[in-house]
Each structure stands twice: as C-alpha cells, then as structure tokens.
Protein chains: 2
Amino acid sequence: MPFYQYFNGEIVPLDQPVYQTNDLGLLRGYGLFDFFRTYNGVPFRWDDYWQRFENSARLLKLPLPVTQGETEKILADLHAMSGEAEVAFRFVLTGGYAPDSVHVVQPNLLIRTEALPQDNPAGRLKGIKVLPYEYVRDLPEVKTTNYVHMVLMADELKRQNAADLLFHKDGEVSELTRSNLFAFQGDKLITSDRNILNGVTRRVVIELAKADFEVEIRPVTYKEVITADEFFTTSTTKWVMPVVQIGDQPVANGAAGQRTLHLQRQFEELVARWGK
Amino acid sequence: MPFYQYFNGEIVPLDQPVYQTNDLGLLRGYGLFDFFRTYNGVPFRWDDYWQRFENSARLLKLPLPVTQGETEKILADLHAMSGEAEVAFRFVLTGGYAPDSVHVVQPNLLIRTEALPQDNPAGRLKGIKVLPYEYVRDLPEVKTTNYVHMVLMADELKRQNAADLLFHKDGEVSELTRSNLFAFQGDKLITSDRNILNGVTRRVVIELAKADFEVEIRPVTYKEVITADEFFTTSTTKWVMPVVQIGDQPVANGAAGQRTLHLQRQFEELVARWGK
C-alpha cells in the first residue's frame with residue numbers, strides 16, 4: 001500500500017512534492033530531523049524520541065508547530081493509512097520559507113512514513129568493519145540534517161567493504177555517522193558522552209547493561225577502542241551491532257564479542273515484547 | 001511579473017513545489033549552490049561562476065546534468081520570462097532522491113530566478129559592524145548549502161545591530177558568513193587564501209587592486225584585522241563593503257576607509273559598464 005506524509009497540517013501521498021524551493025532546509029541546510037519505528041505496531045520509546053526532537057528544535061531556535069499529543073494523532077493516521085503492521089517515521093523540521101534566504105519566519109514540519117529500514121542482519125551476527133575518519137560533527141547534540149561526510153564517503157565505504165565511518169579527532173572518538181559507540185574493557189563498558197548525539201538506543205543499552213556490567217559514561221580515546229576487548233555501535237536501525245574491524249585492524253580477535261552479543265539478545269527481547 | 005524556476009528539465013512557476021521529500025539536499029544536507037546576477041541584462045562573470053559551480057559539484061562527486069551551453073539557454077529563457085531588466089540566479093544541486101537516504105543515484109538541479117537582493121547601500125557608504133565568531137566552515141572550498149550558524153545567529157546579529165559574523169579560529173580569520181575579507185595595512189592589501197570559498201567578487205577586486213596597491217594573498221591573522229587601517233568584505237551582493245567595527249572595537253577610526261571606497265568606486269564603474 002502506498003505511504004503518506006504529513007506536511008504543515010495536510011496528509012498527502014509520500015511522492016508528492018510539497019516544499020516550495022525557498023525553504024531554509026534546502027537552501028541553507030537549516031533543518032533537523034528524527035527517526036524512529038514501531039515494534040508490535042507501537043512506536044518504540046516515543047517519549048524519548050519526542051523529547052530529543054523538541055531538544056533539537058529548541059537548540060536551533062525553531063518553534064514546534066504541533067504538540068506531542070497532536071503528533072500522536074498524526075502518527076496514528078499515517079500508520080493506519082500505510083496498511084502495514086510496522087512502519088518507521090521520519091520527522092523533518094526546517095527553517096521554513098525565507099524571503100531573504102536568511103531569517104526564519106515559520107518552520108516547515110514534515111513527517112514521512114517509511115518502510116522499515118534494512119537492518120543488516122549479517123552485520124549483527126558477524127560484526128562490521130568501520131573506517132577511521134578525522135571529523136567531529138558540528139553542533140553534535142542537535143540531530144541536524146548535515147550528513148555531508150557520510151554521503152561523500154558512501155562509495156569509498158563500499159569500495160573498502162566497510163559499513164560506516166568512525167569519527168575521531170584529537171585522539172578522542174565520538175560517534176559513527178549515525179550511531180553511538182561502546183567498548184568493553186573486560187566487564188567494564190565505556191561509552192562516549194562528548195560530541196555525540198544522545199541516542200535513544202544508546203540510552204536503552206546503558207539501562208540494560210547496568211544489570212550485568214560496570215558502565216562508564218565519559219570521553220573515550222581512539223586508543224581505547226582499538227585496544228578494546230569488544231567494540232559495538234547502537235542505533236535505531238542497527239540495534240546492537242558488533243564492530244570487528246577498524247580500518248585494517250581487527251578488534252581483539254576480529255569476531256563479534258560474547259558480551260556484545262549478550263546485550264544484543266537483551267535488546268532483541270526487549271523490542272520483541274514492546275507494546276505487549 | 002512572476003518569476004520561474006528550472007527543475008530537472010522543466011520550467012515552472014517559482015512558487016511551485018518540485019522536490020519529492022526524499023531528496024538528499026533536504027534529508028542529509030547534501031547540496032551545493034551558487035548565486036549570481038546580471039548587470040545591463042548580462043550575467044556578471046558567468047564563466048567564473050560556472051567554473052566554481054562545476055568545482056563544487058566535482059568536490060561533492062555530483063555529476064552535472066547539464067553543460068554550460070545548455071545552462072546559458074535556460075538562463076536566457078528564465079530571464080526573458082521574468083520580464084525584468086535585471087535578475088539574480090540561484091543554482092542548487094543536491095544529491096537527488098535516495099531510496100536508502102544515503103547513496104546518490106541522480107542529482108537534482110534547480111535554477112531559481114530571483115529578484116535582485118537588497119544590497120545595503122547605507123552599509124556600503126558608512127560601513128558595517130561584524131561579530132567575531134569562532135568557527136571555520138566545513139569543506140570551505142565547496143559552496144555547500146550548510147549555513148546553519150548564519151541562520152542560528154541571525155536574531156543575535158539584529159539584536160547587536162551587526163550585519164554579519166567574522167569567522168576566526170586558532171588566531172586566523174577566514175571569511176564572513178557569505179563573503180570574503182580584505183584588510184589594508186597602509187597601501188598593502190591582504191586577503192586570506194585558507195579555509196575560504198573562492199569568491200568571484202574577491203577575484204575581481206584583487207584584479208582591480210593590483211593597479212594601485214601591493215596585494216598579498218595568504219593566511220590572515222585575527223590580530224591583523226583588528227589592527228588594520230581599513231577592513232572590508234566582498235561578495236556578489238555586498239560588492240565592496242567597508243567593515244568599521246568588530247564586536248565592540250572600531251576598525252582604525254571607525255569610518256569607511258579611503259582606499260576601500262576607492263576600490264568600491266572602481267567596482268561600481270566596472271559593473272556599470274558590464275556587457276556594454
């Protein structure tokens with residue numbers, strides 16, 4: 001069944017153009033987004049995603065044109081119209097139409113219904129390779145639409161049979177292009193808290209990990225990840241994904257670690273029960 | 001008369017939505033642009049602007065869907081349809097529609113016809129105030145659509161009665177948000193060549209200045225601009241614009257400098273003759 005999208009109060013087919021071309025998101029990169037999905041038909045950690053979306057909007061000084069309650073109704077309508085059991089939603093809030101191409105007048109809000117993203121089941125089992133990349137995201141705590149380096153490097157990643165970039169700068173690691181990072185040193189789990197987007201999956205994994213491991217939330221050095229016993233990344237689409245190679249170097253013995261797979265199973269059990 | 005825009009082979013009214021919402025320019029900030037205008041009905045330094053546009057596209061690995069010759073015909077049509085003697089053109093090239101929201105398949109090309117921008121005639125005579133801002137543009141040699149800091153700071157600039165931001169980092173200055181910078185030390189004119197976009201107006205001003213001044217093209221320190229005898233900025237819309245105040249500090253005696261105004265007159269004479 002075709003998907004639909006919401007744009008400034010109206011629901012239209014997903015392939016219908018809606019933006020006039022003087023939108024600040026398009027002309028000036030002034031936009032933010034969020035992305036989440038349902039499990040068992042129920043949006044996962046909706047309050048967390050909404051709060052993050054609100055936080056991004058506040059930091060870019062964009063007033064939200066809808067309340068959380070109004071948005072829930074929109075999501076329910078879009079979900080029902082899709083005819084699918086499970087869907088993903090993408091929010092995009094931009095600076096809106098700007099007569100002078102500089103000043104925000106009224107933001108534009110788009111909510112797209114999307115098919116569930118491919119979640120790389122092979123990568124979850126065997127682990128992925130990442131390429132080290134010297135970069136730190138601008139305004140990292142805002143989920144801006146700026147993913148220029150990810151798109152720019154997409155072909156090079158393919159060529160090197162790598163799944164993602166590992167951002168590092170001045171000896172410190174922060175994130176992958178769209179996901180947070182964790183490393184095990186024995187039974188101690190460390191995860192960066194500087195120059196990162198606060199991932200919702202990251203938060204869930206920290207909650208789960210605290211039952212079985214010591215968790216340290218603090219800046220993480222590049223050296224710590226290349227010498228880690230296990231290394232993994234988390235996101236809405238990746239869940240808990242082992243990282244087994246950084247450039248030419250295997251992480252530990254180059255296989256997905258047992259502690260990582262333990263957390264992955266716990267996460268899978270959590271989402272399997274979601275909404276039930 | 002209403003303006004029109006070209007999008008992927010078709011010319012439609014300027015306010016007509018044309019992009020589907022999975023364009024990488026909108027969703028991932030993967031886009032570049034250029035902006036130029038006519039004088040006496042003739043696009044100013046068209047070859048220079050086209051070359052810069054080509055260069056930006058090459059650096060973002062986006063194949064151009066049109067040749068320079070084809071584009072000239074499109075510009076002529078858009079200009080004629082506008083019914084205006086003078087127009088501005090904005091090119092926007094984005095990563096196009098991406099089913100996976102990551103990989104470029106086919107770029108989208110938009111060419112907007114726009115009214116001539118307000119060019120702040122008061123600022124040209126009296127000079128403008130800028131606010132120092134610690135930042136360096138990402139991929140500075142590419143005219144990407146990323147102007148997040150400019151939009152984010154727009155209200156603060158108004159509040160402080162300032163016209164623009166002066167980007168500096170590690171003791172070096174690079175640009176204003178959309179324009180290049182020059183400083184006079186006596187009869188020596190210096191302009192930055194690092195972390196900048198190669199402005200077409202900058203190039204023209206360097207050509208003009210060589211007749212009367214010693215021109216040094218090299219990195220410029222923050223200290224050099226705050227201690228300069230004269231300071232100015234150049235762009236397609238600003239022409240040669242004196243900068244007379246940086247934050248709370250006046251530049252020299254706080255008035256537009258004579259050498260700057262000399263170059264400004266020369267630029268004005270050049271564009272007044274353009275195409276004749």
Side-chain angles (χ1 to χ4, degrees), chain A residues 5 7 12 14-33 35 59-62 90 92 94-95 97-104 108 110-112 114-115 117-118 135 137-139 142 144-158 177-178, chain B residues 5 7 12 14-33 35 59-62 90 92 94-95 97-104 108 110-112 114-115 117-118 135 137-139 142 144-158 177-178:
Chain A
Q5 58 191 347
F7 185 72
V12 299
L14 191 62
D15 60 358
Q16 181 174 316
V18 290
Y19 287 91
Q20 290 183 30
T21 60
N22 65 338
D23 181 84
L24 285 173
L26 177 72
L27 296 188
R28 299 301 192 178
Y30 205 77
L32 60 96
F33 78 111
F35 182 85
L59 292 171
L60 285 196
K61 302 179 185 173
L62 294 179
R90 185 183 299 269
V92 182
T94 61
Y97 305 137
D100 66 355
S101 74
V102 175
H103 289 86
V104 173
N108 282 325
L110 171 74
I111 303 177
R112 284 171 53 88
E114 299 187 3
Q118 298 229 331
Y135 179 67
R137 283 200 307 119
D138 189 31
L139 305 174
V142 185
T144 69
T145 53
N146 181 0
Y147 286 73
V148 168
H149 290 265
M150 172 187 80
V151 179
L152 189 62
M153 291 292 290
D155 286 341
E156 181 63 18
L157 284 171
K158 262 188 187 168
T177 60
R178 291 153 290 171
Chain B
Q5 59 190 346
F7 184 73
V12 299
L14 191 63
D15 60 358
Q16 181 174 317
V18 290
Y19 287 90
Q20 291 182 30
T21 59
N22 64 339
D23 181 82
L24 285 173
L26 177 72
L27 295 189
R28 298 302 192 177
Y30 204 77
L32 59 97
F33 78 111
F35 183 84
L59 292 171
L60 284 195
K61 303 181 185 171
L62 295 179
R90 186 183 298 270
V92 182
T94 61
Y97 306 136
D100 66 354
S101 74
V102 176
H103 289 86
V104 173
N108 284 325
L110 170 75
I111 303 178
R112 285 170 52 88
E114 299 187 3
Q118 297 226 334
Y135 180 67
R137 282 200 307 120
D138 190 31
L139 307 172
V142 185
T144 68
T145 53
N146 180 0
Y147 286 73
V148 168
H149 289 265
M150 174 187 78
V151 179
L152 189 60
M153 290 293 290
D155 286 340
E156 182 65 15
L157 284 171
K158 262 189 188 166
T177 59
R178 290 154 290 169

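Every chain is numbered from 1 and lettered A, B, ... according to where its sequence line falls, protein lines coming before strand lines. Computed from heavy atoms alone, side chains included, the values below leave out hydrogens, waters and symmetry copies. Just so it is clear, the structure is predicted and the values come from calculations on it, not from any experiment.
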Item to complete: State, to 0.1 Å, how close B:G29 and A:V148 come at their nearest heavy-atom pair, and which atoms those are.
Response: O-CG2, 3.2 Å

Worksheet item: If you take all heavy atoms of A:Q20 and B:D15, which pair is closest and at what distance?
Response: CG-O, 3.3 Å

Discussion item. Among A:D23, A:L139, A:T94, which residue has the highest count of heavy-atom pairs closer than 4.5 Å to chain B?
Written reply: A:L139

Fill in: Exercise: identify the closest heavy-atom pair between A:R28 and B:V151
CB-CG2, 4.1 Å

Response to the item:
If one checks every heavy atom of A:V92 against chain B at 4.5 Å, the contacting part turns out to be side chain

Practice prompt. Output the distance between atom NE2 (B:H103) and atom CG (A:D155), rounded to the nearest 0.5 Å.
Written response: 6.0 Å

Worksheet item: For the atom pair CG (B:N22) and CZ (A:R90), what is the distance rounded to the nearest 0.5 Å?
Response: 9.0 Å

Worksheet item: If you take all heavy atoms of B:T21 and A:R112, which pair is closest and at what distance?
Response: OG1-NH1, 2.6 Å

Practice prompt. Quick one: list whatever passes ring pair (Phe, Tyr, Trp, His ring centres under 6.0 Å) with B:F33, sequence neighbours left out.
Written response: B:Y147

Worksheet item: Could you state the interatomic distance from CZ (A:R178) to OG (B:S101), rounded to the nearest 0.5 Å?
Response: 7.0 Å

Discussion item. Please rank A:Q16, A:E114, A:Q5 by heavy-atom pairs under 4.5 Å with chain B and give me the top one.
Written reply: A:Q5

Discussion item. Out of B:V104, B:D138, B:L62, B:D100, return the one with the most heavy atom pairs under 4.5 angstrom to chain A.
Written reply: B:D138

Worksheet item: Taking atom CG of B:L27 and atom OG1 of A:T145, what is their separation to the nearest 0.5 Å?
Response: 8.5 Å

Worksheet item: Shortest non-hydrogen contact from B:L26 to A:Y19?
Response: CD2-CE1, 3.3 Å

Item to complete: With a 4.5 angstrom heavy-atom cut-off, could you sort out which part of A:L110 is near chain B: side chain, backbone, both or neither?
Response: side chain

Discussion item. Given heavy-atom pairs under 4.5 angstrom as the criterion, report whether the side chain, backbone, both or neither of A:T144 touches chain B.
Written reply: neither

Discussion item. Heavy-atom cut-off 4.5 Å, strictly under: side chain, backbone, both or neither for A:F7 against chain B?
Written reply: neither

